[in-house]
Amino acid sequence: MKAAVFTALNKDLEIRDDVTLGELGPKDVRVKIAASGVCHSDLSVVNGTIPAPPPCVLGHEGAGIIQEVGEAVTSVAKGDKVILSFVCACNVCKPCLRRQSYLCASNGAQAMSKNFRLGGEPLAGMTGLGTFAEELIIGEGGVVKIDDDIPLDIAALVGCGVTTGVGASINTAEIKPGSSVVVFGCGGVGISAIQGARIAGASAILAVDTMENKLEQAKHFGATHVTTPDGLDSAKLAITGGEGFDYALECIGNSKTIRATYDAARLGGTAVIVGVGRLDDMVQFSAFELFFANKTLRGSMYGSANVRTFMPELLSLWKNGKLDLESMISRRIKLEEVNDAFRAMQAGEVIRSVIDF
Ligand code: APR
Ligand code: ZN
């Protein structure tokens with residue numbers, strides 16, 4: 001089958017047609033991928049920001065239909081529509097039982113699984129998934145069943161960016177009605193965070209991006225104010241009287257914007273780090289300010305979402321017209337165009353490119 005394989009840092013993905021699948025284990029499912037979003041984290045593997053050894057089938061934001069289930073699988077069946085989850089959500093480990101399935105103890109095992117084959121050798125998929133392939137095999141914990149009437153391109157977006165961004169606003173930041181919010185970065189994740197802030201009832205939502213076209217789009221999704229980074233201070237003054245925002249969310253992934261996010265939150269406010277930066281990109285805080293500013297600084301893994309409940313909730317918001325997912329799809333592409341999709345993302349031309357299989 002066809003798959004897009006990461007073979008070396010900073011090289012185009014190889015589009016191959018000779019990738020196969022390994023054996024279906026008793027607790028595994030085989031999924032035919034219908035659609036996959038192209039997320040910045042895929043690009044972050046290619047440029048080395050996210051460490052993942054090649055070779056590896058990229059793609060971690062997808063949805064499809066179950067073709068086959070192992071003999072011990074109980075929660076899903078052949079023909080079910082599913083969203084692929086890049087966390088395992090096993091429902092039996094301690095983190096899952098304390099309702100933090102995004103930290104599932106089996107995430108590492110899922111990420112290490114090598115369910116593809118290339119030239120007879122095991123081949124990994126990103127986070128254990130690898131949605132840039134026509135089919136994949138994953139443990140039962142890595143799929144979330146959805147209703148039959150959900151279009152799979154819409155569902156695919158929920159596989160990463162939408163859950164990550166909306167979840168960061170609703171689950172991690174716990175934005176309250178009437179509050180002020182600033183979101184740094186208006187890609188698929190930031191646009192989702194903006195929508196999450198709107199759904200949570202924020203009264204003012206400032207979108208910050210270096211690209212003017214992204215700021216125009218941000219308004220459509222609920223930003224009440226927009227600015228490039230150089231206008232941040234005057235926007236902060238105008239919106240909050242200078243004290244800073246109740247909530248600040250970083251949806252880019254580097255130390256400079258993380259620092260700016262912390263600084264944009266008011267005394268006692270909340271800063272949420274959603275973007276994924278490099279392992280060696282260090283952020284500095286003074287020992288005094290962390291105490292004095294009394295801010296809450298939170299990391300947000302997969303939008304702090306329990307995927308089995310949160311993903312269907314997001315689809316329900318979409319069905320009822322409260323979450324705009326259609327407008328997030330900037331381009332529909334074929335698998336062969338995935339390298340062009342990376343370039344379009346780097347040029348700031350798209351919110352999401354979606355591969356239709
Ligand atoms: N200041 C403001 N905006 C910036 C800056 C900056 N210094 N640098 C980049 N941006 C903007 C880009 O113009 C773009 O609109 O951030 C946005 C990032 O969007 P995408 O590249 O589409 O990335 P996305 O898929 O949204 O992911 C964002 O979340 O999950 C993580 O790994 C992912 O770290 C990445 C982040
Ligand atoms: Zn992603």
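Start at 1 and go down the list; that is how both ligands and their atoms are numbered. For this chain, numbers begin at 1 and follow the sequence in order. What's counted below: heavy atoms across the whole structure, side chains too, no hydrogens, waters or symmetry copies.
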Item to complete: Assess whether side-chain hydrogen bond (donor to acceptor under 3.5 Å, both in side chains) is satisfied between Asp324 and Ser327, documenting all intermediate values.
Response: CA-CA 6 Å; Asp324 182 358; Ser327 310; 2.5 Å; yes
Discussion item. Heavy-atom contact check, 4.0 Å cutoff: does Gly161 meet ligand 1?
Written reply: no
Worksheet item: Between Lys256 and Asp281, is there a salt bridge with N-O shorter than 4.0 Å?
Response: no
Discussion item. Does any N or O of ligand 1 fall below 3.5 Å from an N or O anywhere on Gly185, backbone included?
Written reply: no
Item to complete: Inspect the surroundings of CD in Glu326 and state if more than 12 heavy atoms from other residues, nucleotides or ligands are less than 6.0 Å away.
Response: yes
Worksheet item: Going by an N to O cut-off under 4.0 Å, is there a salt bridge joining Glu14 and Arg16?
Response: yes
Worksheet item: Considering distance alone, does some N or O of Val276 sit under 3.5 Å from an N or O of ligand 1?
Response: yes
Fill in: Atom indices of ligand 1 within 4.0 angstrom of Lys214 heavy atoms, with elements
14 (C), 15 (O)
Fill in: Under 3.5 Å: donor-acceptor pair, side chain of Lys334, backbone of Asp356
yes
Fill in: Ser169 side chain to Ala193 backbone, donor-acceptor under 3.5 Å
yes
Worksheet item: Hey, is Arg352 touching ligand 1 through its side chain, its backbone, both or neither, going by heavy atoms under 4.0 Å?
Response: side chain
Worksheet item: How are the rings of Tyr262 and Phe285 set to each other: parallel, tilted or perpendicular (split at 30° and 60°)?
Response: perpendicular
Worksheet item: Once rounded to 10 degrees, what value does the angle at the Zn ion (ligand 2) take between NE2 (His60) and SG (Cys39)?
Response: 110°
Discussion item. Tell me whether His40 has any N or O atom under 3.5 angstrom from an N or O of ligand 1.
Written reply: yes
Item to complete: May I have the step-by-step check of side-chain hydrogen bond (donor to acceptor under 3.5 Å, both in side chains) for Arg198 and Gln195, ending in yes or no?
Response: CA-CA 5 Å; Arg198 188 196 71 226; Gln195 296 210 66; 3.2 Å; yes
Worksheet, complete the sentence: ligand 1 atoms nearer than 4.0 angstrom to some heavy atom of Met345 are 21 (O)
Response to the item:
When distances are taken from atom 26 (O) of ligand 1, the protein heavy atom at minimum range is Val189 N, 2.9 Å
Practice prompt. Could you confirm whether His40 has any N/O/S atom lying under 2.8 Å from the Zn ion (ligand 2)?
Written response: no
Practice prompt. Could you list the atoms of ligand 1 found under 4.0 angstrom from a heavy atom of Met211?
Written response: 13 (O)
Worksheet item: For the side-chain contact (heavy atoms from CB on, under 4.5 Å) test, which of Asn171, Ile170, Thr164 pairs with Ser304?
Response: Asn171
Worksheet item: Gly187 heavy atoms, cut-off 4.0 Å: which ligand 1 atoms fall inside?
Response: 15 (O), 17 (C), 19 (O), 20 (P), 22 (O), 26 (O)
Worksheet item: Which of the atoms of ligand 1 are close to Gly188, meaning less than 4.0 Å from one of its heavy atoms?
Response: 22 (O), 26 (O)
Practice prompt. Only heavy atoms count here, so choose which of Ile252, Thr257, Asp209, Ile50 is nearest to atom 13 (O) of ligand 1.
Written response: Asp209
Worksheet item: How far is atom 28 (C) of ligand 1 from its nearest protein heavy atom, and which residue and atom is that?
Response: Cys251 O, 3.2 Å
Worksheet item: salt bridge (Lys or Arg N to Asp or Glu O under 4.0 Å) between Glu337 and Arg331: does it pass, once the steps are laid out?
Response: CA-CA 11 Å; Glu337 298 166 291; Arg331 286 187 196 170; over 6 Å; no
Item to complete: Could you tell me whether Ser41 and ligand 1 have an N or O pair separated by under 3.5 Å?
Response: yes
